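Keep in mind that this is a model prediction, so the values were computed, not measured.
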Amino acid sequence: MTTLSTYTVPAAVENITIENITSSSIFLTWQIPEGNRSSFEIQVSGTPSYNKTVDLDSVLLDNLIPGNFYKFTVFAKAENGLLSNGTERSAHTVPAAVENVTIENITTYSISLRWPTPDGNRSSYEIQISGDPSRNFTLHRENVTVDGLVPGNLYTFNIFAKTGDELISDMTTLSTYTVPAPVENVSIQTITTSSISLIWPMPAGNRSSYEIQVSGISPLNLTPDTNNATVGDLIPGNLYTFTIFAKAGNDSIISDSITLSSYTVPAPVENVSIESITTSSISLIWPIPAGNRSSYEIQVSGTSLLNLTPDTKNATVGDLIPGNLYTFTIFAKAGNESIISNKRILYSYTVPARVNNIIAFKENNNSLKVSWSPPEGNKSAYQIDVLGDHPQQFNVTAESVIITNLTSNFQYTVRISAVVGEYDQRRQGSSTDISVLLSDILSATNITITSVNLVWIQPQNLEDISYNITGFGDPSFNWSGSTEEALIENLTPGNLYVIHLSATSNNTVLYGYGEQISLYTIPAPVENVSIESITTSSISLIWPIPAGNRSSYEIQVSGTSPLNLTPDTKNATVGGLIPGNLYTFTIFAKTGNDSIISDKTTLSGYTVPAPVENVSIESITTSSISLIWPIPAGNRSSYEIQVSGTSPLYLTPDTKNATVGGLIPGNLYTFTIFAKTGNDSIISDRTTLSSYTVPAPVENVSIETITTSSISLIWPIPAGNRSSYEIQVSGTSPLNLTPDTKKATVGGLIPGNLYTFTIFTKTGNDSIISNATTVSSYTVPARVNNIIVFKENNNSLKVSWSPPEGNKSAYQIYVLGDHPQQFNVTAESVIITNLTSNFQYTVRISAVVGEYDQRRQGSSTDISVLLSDILSATNITITSVNLVWFQPQNIEDISYNITGFGDPSFNWSGSTEEALIENLTPGNLYVIHLSATANNTVLYGYGEQISLYTIPAPVENVSIQSITTSSISLIWPIPAGNRSSYEIQVSGTSPLMLTPDTKSTTVGGLKPGNLYTFTIFTKAGNDSIISDRTTLSSYTVPASVENVTIENITTNSISLRWPTPDGNRSSYEIQVSGDPSRNFTLHSKNVTVDGLVPGNLYTFNIFAKTGDELISDMTTLSTYAVPATVENITVNNITSSSIYLTWPIPEGNRSSYEIQVSGTPSVNLTVYSESVLVGNLVPGNFYLVTIFAKSGNGLFSSGTDVSAYTEPECVKNFKVTNITLHSVALNWMAATGNITSYFIEVYRNANIYKQFNEESESVLIGDLYAGIQYTFIVCAMAGDNTVKGCRTEISAVTHSSSVTLALVYYATDGQREQNIMAQMNKLVSERFPNQNITAVWKQEKRIL
């Protein structure tokens, strides 16, 4: 018998259904065909193509390429391999999601996006844009520029890939703002001493705010609808640069900036007072105004402008005309000197010049005629003071006066001075004195310190008369002669002399003729008076005792009674004075009846101002301390407050409080306050007070990490100093931290609780505290425990758990699988529905608290499950799976067999409906088949096959391999078992997918200095099965500080500024190398390093730091401080062609000195020592020499000016051209160079007889005595007639002759006398036309 067996062709598969499509798999199911078959064959056509055989009526086709088109042909297969007709179905896989979308460029009207090409294929990309305007795009490239947007608007981009049959990928969402439109056409609206107001038109579009960055102060943030701003609390006269930009979003997107610079108005010059007045100058003094200035300008009516350096506090305006009224307008200037302060106006006359050439004539015994030459310049009148037994004082306007009501034989001093102005503007010139004594016969018409000029009346009708004068005193003297005038010299100053006149005629004594008078020589003046000591209420004077004698001294003090002193005194203390007042002491010697006084010596001095007492602190801020005090007794010119580490503060004299700003928060400052007077060289006792500034508050506190029992806070170190921090936490004890701390972890907290942290800084004895900063946060809730899963049916599951420790507000349930679900519940159990049978799910449960940005989610507890008709997995772990199944109905004595296909494969047999399979490989795919037997018979039609993955092993021991500004590289050992991929989730970026054999990665596109948290886990299956997560945090390296600019350099400070680097940072570190060296930590993008040495070279190393002390690349910049100003320049020697200058070495260092000489010729010199000889100059020229110190890189100090005239050269060919009885004519050749006049001195017996200025090269000197030798000295004068050239000398004797007039005249007796005298006077006037001589008739006397 031949037997043949075969199978019929299996029935074709029908009703193929696509149950699920992902980017890498398609799940097919179909209806079981009629009849039998041994398996199903699936042919997959596409890329990749492959065949797959399955026993069930469904198949998961994986390892497909995203977005590809696939055709699936399903055959039923008989045991002998016969295939049914194929049934086809086609589909695309879901395209891969667009990932790692980066913003390539943002402008005000456009946003450019770019992304890498996703895996697989796609027909197009779809971009949905939400915002104003909204729009959609379909495109076929991996980048897009969306334009036509509104500046500063928020736009959300939803990006996904599509296939031909409209399958779409997961959506990637990205939001950003367009760059706000820049602020343009900013203009300055108003400027004051402490504020600058800006205005601008509103830019197009939107913005979240404006920011104005101002050099030296905190940024100013403004609301978005603002179009103007006033920046206050500025320093007068300072240059401020305003950088203005709009911001959008979280303020990280900023517009182009616009920069505008302006000076504040300098503070006006206040309390200007007149310090001293001379005939040719007026000196002004004022306290230095607050703030800064580039210069002062003083406008003086009728003169050139005077420009002064900014630290000047006094000025002398010279070359003025004596007795003139001048108007002074003074103001400060800033910038290019177009910004000026309010003007202050002051009026004053110069002192009139001294009158000259006083001549006294006796009118009679009781009256005197005095005449004089008018002074140089102007005057309104002359004040005449007659000192004697009946003092007189009156004013005249002419240059002569007849003084009457004098007492015969009494010595008088006539004092004449020019005056101008009225009331407080009255100015009186120096006086010129002449002392006289009138008597019947013998009179003294000019009494000086050491001489007396005597005149007397000739006896009538006598001839051949000789006179004898005897003087009794110390020394005594005798004089004989035939003239009626005698000059007696070499007398003792201040002495009493009794002078007797007698006469003889023809050797016969004229009895009854003659006279005796008594007079005093003028006492010698008190000279070289100096101030010995000064207190708040007294000034002590000292002087050498003058030559000669005196009866007493008198000291006249403005505002007090005169002080009379004994003649042998050489010092005096004037008490009862007011503190800080200027007192003028006029001291002179007196003799006789005290009406005969010496020339006056004047000395001025200030008393010491009263100290500032009871100073108290009125208020304290982080950057200022305000002091207050009662105004001290008396006066002062200013106050000075010296503050450790800052420039002195100068205050006006009526101030009683001051705010010292620009201080460092939390620093201890010592204030030394004192009053000053005069030229600020006289200071009061010092009062010292110390205080801390309020420490800067802790700002920008952020939460670094949160756990179930702790919260870690981090903050940038505040500016300035502090003694400690204190953190007050609700429900716990305060936490005190050291002053250099910048983070803190508060532990011992309850999970899921809300905590409020109040943090502030303290200083001093902890009694001065900053403003408090408050931040609140929940702790992370604890993990839920004891999860239990119950299968409800093939599509639903019940999960229950134990509540966590601590608090929670809800539980978040996250179901990972084909149709992910996420929802919250408040109970400790939940039924999860809408599950797909035979699909593996992960159920993730975590406790949550809080809302919005305060939402905290605890660590999750996962359980992985798979539901099916019969066989289900209720707990899948890394190495085990718990299987449960339904018992067949109405059958007993059942035994079950489970076969698992995988690595490793396994078998299990038993009679229970639950099995725990262990020792599996993590992340592996297992196909598990359940079958049953009853009574040793296989139960056909019972059983089931399921596929599941074990949970992949977590990534452990992750470490950071390297860090740059834009990337962080991670490394880890490969976990046990298998995985389909890794996923790294990085805060703020798209997830990173890695191949399963990776053990390191570099996450790029990061922002410098940012803190990033990396959550890394493995995935298996369709990527819905994930491992436990491993979390690691790190900062990127901060971006380096670039484009550092030097904003300002002074002698002791250097100011740097730089643009904000990309990304973030916690602080900047500045290392300063030089002398002194120092380190700074700061949080602004500018710094002023002070306390430097002038002219020193400093190197600045600048880098940014992050919270964990990562530092950027270092930027290095070197510069010199400005050298210190050259001071106290001394003109050591002046010749006709050179000026020799010396000065002390300024503070600090310098490489050389630059000398600028302005004049004719102008010269520039460089010298390396502290002296210079400026030669080849023109005689008599004015030269302004400005000396600068110069640093190694060519920085100049402020210039210091000194001016001088070169000496004129000597006159040449000096000669006498004519001599008469009473005059000498001189002539000379003009001196070389520039001269203003010639100074003529006339000496008689080594004493100055007269002196004056002459503008021409010849002069006729009159009013000389006949027959006397005179010495004439001439020297050329330069400048304001104070610079003398060398002296050229010549001597001459006036002619000595007698005149005899012979007259023969015959007349009757009745007309004899009148006719003779008429003829005599006619002859005299013809012979002496320039002399005032009148002949008078005297009765003839015959002596028997």
T535 side-chain N/O to S537 backbone N/O, donor-acceptor pair under 3.5 Å: yes
message: Does D568 have more than 12 heavy atoms from other residues, nucleotides or ligands lying within 6.0 Å of its CG?
response: yes
- request: Quick one: which residue pairs count as a salt bridge (charged side-chain N to carboxylate O under 4.0 Å, His left out) with a foot in residues 396-416, not counting sequence neighbours?
  value: K379-E399, R415-D433
- prompt: If you look only at pairs with a residue in residues 315-328, which of them pass as a salt bridge (charged side-chain N to carboxylate O under 4.0 Å, His left out), with sequence neighbours excluded?
  reply: none
field: All side chain to side chain contact (heavy atoms under 4.5 Å, CB included) counterparts of I321, not counting sequence neighbours
entry: N324, Y326, N378
message: For residues 383-411, which residue pairs pass the ring-ring contact (aromatic ring centres under 6.0 Å, His included) check, not counting sequence neighbours?
response: F410-Y412
field: L487 vs S451 side-chain heavy atoms within contact, under 4.5 Å
entry: yes
task: Identify which one of S538, S533, S540 satisfies the side chain to side chain donor-acceptor pair (under 3.5 Å) criterion when paired with T573.
output: S540
- request: For S1237 and E1255, test the side chains for any donor-to-acceptor distance below 3.5 angstrom and give the result as yes or no.
  value: no
Pairs meeting criterion salt bridge (charged side-chain N to carboxylate O under 4.0 Å, His left out) with involvement of residues 361-371, two or more places apart: none
task: Check whether any side-chain heavy atom of I488 sits under 4.5 Å from a side-chain heavy atom of L454, and report yes or no.
output: yes
task: Please identify each residue that fulfils salt bridge (Lys or Arg N to Asp or Glu O under 4.0 Å) with R427, with sequence neighbours left out.
output: none
field: All side chain to side chain contact (heavy atoms under 4.5 Å, CB included) counterparts of K343, not counting sequence neighbours
entry: Q299, T329, F331, I340
- request: Determine, for K1284 against E1207, whether the closest basic-nitrogen to carboxylate-oxygen distance falls under 4.0 angstrom.
  value: no
query: Is the CG atom of D1263 crowded by more than 12 outside heavy atoms at less than 6.0 Å?
result: no
Residues which pass ring pair (Phe, Tyr, Trp, His ring centres under 6.0 Å) with F1272, listed by chain and number, not counting sequence neighbours: none
statement: Hits for side chain to side chain contact (heavy atoms under 4.5 Å, CB included) against E376, two or more places apart or cross-chain, chain-then-number order -> P322, A353
query: Can you list the residues that meet the side chain to side chain contact (heavy atoms under 4.5 Å, CB included) rule with A658, with sequence neighbours excluded?
result: W629, I641, L649, L651
- prompt: Which residue pairs satisfy the ring-ring contact (aromatic ring centres under 6.0 Å, His included) criterion with at least one member in residues 355-377, sequence neighbours excluded?
  reply: W372-Y382
message: Taking salt bridge (charged side-chain N to carboxylate O under 4.0 Å, His left out) as the cut-off, I'd like each qualifying pair that reaches into residues 321-330, sequence neighbours left out, listed once.
response: none
